[in-house]
Amino acid sequence: MLNRLPDYIKPTVFQSSVLGAVLGVLLLIPIVNFLTIFIFWLAGALIVISLKYNKLAGHLENREGIVIGSISGMLTVVVASLVFIPLSVITGLIFKTASIAGFLTASFVNSVFSLFVLFIFVLFIGLMNIVFTIASALLAIYIINSYIEPKEEEEIAEFKIDL
């Protein structure tokens, strides 16, 4: 089944995972974590630009932008949370700081409901991020198709009727 996927899916998954891991680490830095929100929103455009720059995708249309935006939107959030939560717990336990480690008390860990809420929270944030990454991917595709790689003008054939 993986052989039937378009050529741009595998690089999109890989690049989104790497970007999510980097953003998960950047979320630990107090001042930078506010600015990473904008990088989450621009993930679709960054992936489209990377695919075009590395020549991993040919001419991209709106359908490809929606697919790239949805994949990159969800994966960046999920991977960032998978990297951020354990690192935050470890740094919170080492440096005794106020972090997510405070939530990991015995009652939280033993409560299945709390872990379910954490999972739903990450899923909900990922779904919200999909909207922004689709918009950024479509904007990047529009700019690339309109200004950077404009299509050649097609010749308009004249319609003649011979009597």
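These figures come from a predicted structure and were not determined experimentally.
Remark: Thr12 OG1 to Leu19 CG distance equals 12.0 Å, nearest 0.5 Å. Atom CG in Leu118 sits 7.5 Å away from atom OG in Ser81 (nearest 0.5 Å).
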In a table with atom names and distances, give each donor-acceptor pair under 3.5 Å that connects a side chain of residues 28-49 to protein atoms at least two apart or in another chain.
residue : atom : partner : partner atom : Å
Thr36   : OG1  : Asn33   : O            : 2.6

Donor-acceptor pairs under 3.5 angstrom involving side-chain atoms of residues 65-77: please list them, not counting sequence neighbours.
residue : atom : partner : partner atom : Å
Ser70   : OG   : Ile66   : O            : 3.0
Ser70   : OG   : Val67   : O            : 3.0
Ser72   : OG   : Ile68   : O            : 2.8
Ser72   : OG   : Gly69   : O            : 3.3
Thr76   : OG1  : Ser72   : O            : 2.7
Thr76   : OG1  : Gly73   : O            : 3.3

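Residues Leu27 and Val25 share a hydrophobic cluster, clusters being chains of Ile/Leu/Val/Met/Phe/Trp/Tyr side chains in contact below 4.5 Å. Put simply, Phe14 and Tyr53 are part of two different groups of oily side chains (I, L, V, M, F, W, Y) that touch within less than 4.5 Å, one to the next. Connection of Leu123 to Ile134 is established within a shared hydrophobic cluster, with ILVMFWY side chains joined at heavy-atom distances below 4.5 Å, either directly or through further cluster members. Linking ILVMFWY side-chain heavy atoms closer than 4.5 Å, directly or via other members, places Leu23 and Phe121 in a single hydrophobic cluster.
Nearest approach of His59 to Asn145, heavy atoms of both residues: CE1-OD1, 3.4 Å. When all heavy atoms are compared, the tightest approach of Val79 to Ala21 is CG1-N, 3.5 Å.
By the 4.5 Å heavy-atom criterion applied to side chains, Ile144 and Leu60 are not counted as neighbours.
Within the structure, every pair that satisfies the side-chain hydrogen bond (donor to acceptor under 3.5 Å, both in side chains) test and touches residues 13-30, not counting sequence neighbours, is listed here: Gln15-Ser50.
Lys52 places no side-chain N or O within donor-acceptor distance of the main-chain N or O of Ile141, the cut-off being under 3.5 Å. Ser146 places no side-chain N or O within 3.5 Å of a backbone atom of Ile143 that could act as its donor or acceptor partner.
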